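Everything quoted here is computed from the prediction, not taken from an experiment.
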Amino acid sequence: MTTTIRVVRHADVRAVLSDPGFVVPAPPEASDGAAPLPSVPSLAWLRRRATRFSTGADHRRRRALASALLTGLPPVELRSAAADRARSAGPDEAPYVPVAVLAEALGVPRSDVPNAVAAVRDVAPAYFPGAGAGSERRADTGVRTLVGMLPDVAPEETAQRVCLLVQTCDATAGLIRAALEHGVPQDDDGALSKASVTALLSEALRFSPPAPLIRRVAERGTRIRGAPVAAGSEVVLDLAAANRDPDVYASPDRFVPHRFSGTRPAPPALSFGYGERPCPGSDHALAMATGVLHAHAVPARAR
């Protein structure tokens, strides 16, 4: 029987994420390490090739592919494209503007972008193991749709393109919703300062992390805050709780963007990871979210 340990303190979560002895659990499709990679696009095909679910040499190779794709996409250009698209997007569409922008940047023909966004939204809820059979069937169809729209390259690179779209959906939709819910104020002259948007997004990430829980497995016996952790134990990292650790954030249950501004800003939230496996696309996600917020900012005189 596998022991499960829940970690809720900010410092302890950071320690686990910085320790290479805690690895990501393999998805169900990879429980038999000798099984060949699926050849037909599906959710299983995607998970077996995803950087997020990989370790060792596979992780390093796949992360390098994803990073190379992102390197060719300057955040400032993504931000501008997101702002342009968001100006004509309604409230329900705005959270998914970054997926549309990234889909086109990764090679989806412009005419296919709306269908690509719909496919990503079908895949995202089932990306992490544990979704129901119905969600996984929709995700299978979504993966096949996306693979058919993206450039014809090697399967591993195609998988990284799909993963970037799915993870962008997870990272930005909730973030944009949370920021818009609390309002994006402008000055009377229409100015929207970079500092105010950065603080707003930082607080939205802290308050509503896209992935509230992430998991690791202890490869060897170790300790967390002095407590023994046996090899093979599952460790659940509660990012939502860590992001509201009162030892780190004053009034942690209040939405207070200015905690991330000034001369002594609060430590960053853990929503984009930390240590061994930080999110490689965090700058890109924040740039696109910023573009959407600029398009939906509310002048001070209208508040």
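Between Phe22 and Leu237 the shortest side-chain heavy-atom distance does not fall below 4.5 Å. Proximity of Arg9 to Asp247: side-chain heavy atoms (C-beta onward) are separated by under 4.5 Å at one or more points. Side-chain contact between His182 and Glu203 is absent, with no heavy-atom pair separated by less than 4.5 Å. Side-chain contact between Tyr274 and Val13 is absent, with no heavy atoms from C-beta onward closer than 4.5 Å. Side-chain contact between Val235 and Val217 is absent, with no heavy atoms from C-beta onward closer than 4.5 Å. Between Cys163 and Arg52 there is no side-chain heavy-atom pair separated by less than 4.5 Å. Looking at heavy atoms from C-beta onward, Trp45 lies out of side-chain contact with Leu37 at the 4.5 angstrom threshold. A 4.5 Å side-chain heavy-atom check between Asp12 and Val16 finds every atom pair outside the cut-off.
In this structure, Glu104 CD and Arg110 CZ are separated by 4.0 Å, a value rounded to the nearest 0.5 Å. Distance check: Leu78 CG to Leu286 CG gives 12.0 Å after rounding to the nearest 0.5 Å. Taken to the nearest 0.5 Å, the CZ atom of Arg85 stands 12.0 Å off from the OG atom of Ser80. Put simply, CG on Leu239 and CG on Leu270 are 6.0 Å apart, with the number rounded to the nearest 0.5 Å. Here the NE2 atom belonging to His258 is positioned 12.5 Å from the CG atom belonging to Leu200, to the nearest 0.5 angstrom. Distance CG/Leu175 to CG/Leu205: 4.5 Å, rounded to 0.5 Å.
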Practice item. For the pair Leu73 and Leu102, evaluate side-chain contact (heavy atoms from CB on, under 4.5 Å) and give the outcome as yes or no after the intermediate values. Key: CA-CA 9 Å; Leu73 305 175; Leu102 191 60; 3.6 Å; yes
Check your understanding: Passes side-chain contact (heavy atoms from CB on, under 4.5 Å), Tyr96 versus Ile176? Steps please.
Key -> CA-CA 9 Å; Tyr96 300 100; Ile176 290 170; over 6 Å; no
**Study point:** Derivation of the side-chain hydrogen bond (donor to acceptor under 3.5 Å, both in side chains) call for Ser271 and Asn243
**Key:** CA-CA 8 Å; Ser271 306; Asn243 283 349; 3.0 Å; yes
Exercise for review: Show your working on side-chain contact (heavy atoms from CB on, under 4.5 Å) between Arg161 and Val153 and close with a plain yes or no.
Suggested key: CA-CA 10 Å; Arg161 291 174 190 257; Val153 295; 4.2 Å; yes
Practice item. Go through the steps for Arg206 and Phe260 under the test side-chain contact (heavy atoms from CB on, under 4.5 Å), then give the verdict. Key: CA-CA 10 Å; Arg206 184 194 72 83; Phe260 290 104; 4.1 Å; yes
Practice item. Go through the steps to decide whether Arg47 and Glu136 satisfy the test salt bridge (Lys or Arg N to Asp or Glu O under 4.0 Å), and finish with yes or no. Key: CA-CA 12 Å; Arg47 286 178 181 161; Glu136 293 196 348; 3.6 Å; yes
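Counting all heavy atoms, side chain and backbone alike, Thr172 lies closest to Pro95 at OG1-O, 4.1 Å. Closest of all the heavy-atom pairs between Val292 and Pro98 is CG2-CD, 4.1 Å. Residues Ala103 and Ala116 come closest through the heavy atom pair CB-CB, 4.3 Å. The minimum heavy-atom distance linking Ala295 with Ala83 is given by the pair CB-O, 3.7 Å. Taking all atoms of both residues into account, the shortest heavy-atom contact from Ser251 to Arg259 is O-NH2, 3.2 Å. Contact between Pro267 and Val248 at its shortest, heavy atoms only, is CG-CG1, 3.7 Å.
Because its NZ or CZ atom is not both nearer than 6.0 Å to the ring centre of Phe128 and within 45° of the ring axis, Arg215 does not count as a cation-pi partner of that residue. For the pair Arg48 and Phe53, the cation-pi test (distance below 6.0 Å, angle within 45°) is failed.
Under the 3.5 Å distance criterion, the side-chain polar atoms of Ser233 are left unmatched by any main-chain donor or acceptor of Val229. With hydrogens and angles disregarded, a donor-acceptor distance shorter than 3.5 Å links the side chain of Asp140 to the backbone of Leu43. Between the side chain of Glu93 and the backbone N or O of Gly90 there is at least one donor-acceptor pair closer than 3.5 Å. A donor-acceptor pair under 3.5 Å is absent between the side-chain atoms of Arg216 and the main chain of Val24, judged by distance alone.
Comment: Asp19 engages Arg220 in a salt bridge, judged by a side-chain N to carboxylate O separation of less than 4.0 angstrom. Residues Glu181 and Arg177 are not paired through a salt bridge, judged by the lack of any N-O separation under 4.0 Å between the basic side chain and the carboxylate.
Residues Phe255 and Leu180 are members of one and the same hydrophobic cluster, defined by side-chain heavy-atom contacts under 4.5 angstrom among Ile, Leu, Val, Met, Phe, Trp and Tyr. Residues Leu150 and Leu65 do not share a hydrophobic cluster, defined by chaining ILVMFWY side chains whose heavy atoms lie under 4.5 Å apart. Linking ILVMFWY residues whenever their side-chain heavy atoms come closer than 4.5 Å, directly or via other members, leaves Val23 and Ile5 in distinct clusters. Both Phe272 and Leu69 belong to a common hydrophobic cluster when Ile, Leu, Val, Met, Phe, Trp and Tyr are linked at side-chain heavy-atom distances under 4.5 angstrom.
Contacts classified as ring-ring contact (aromatic ring centres under 6.0 Å, His included) and involving residues 216-254 (residues at least two apart or in different chains) are given here: His10-Tyr249.
Counting heavy-atom neighbours within 6.0 Å of Arg61 CZ, excluding the residue itself, gives a total above 12. No more than 12 heavy atoms of other residues, nucleotides or ligands lie within 6.0 Å of CG in Asp152, so this atom counts as exposed by the packing criterion.
Side-chain polar atoms of His294 and Arg79 form a donor-acceptor pair below 3.5 angstrom. Side-chain atoms of Ser54 and Arg62 include a donor-acceptor pair closer than 3.5 Å.
Shown are Gln160, Arg63, Arg60; of these, the side chain to side chain donor-acceptor pair (under 3.5 Å) with Thr51 is made only by Gln160.
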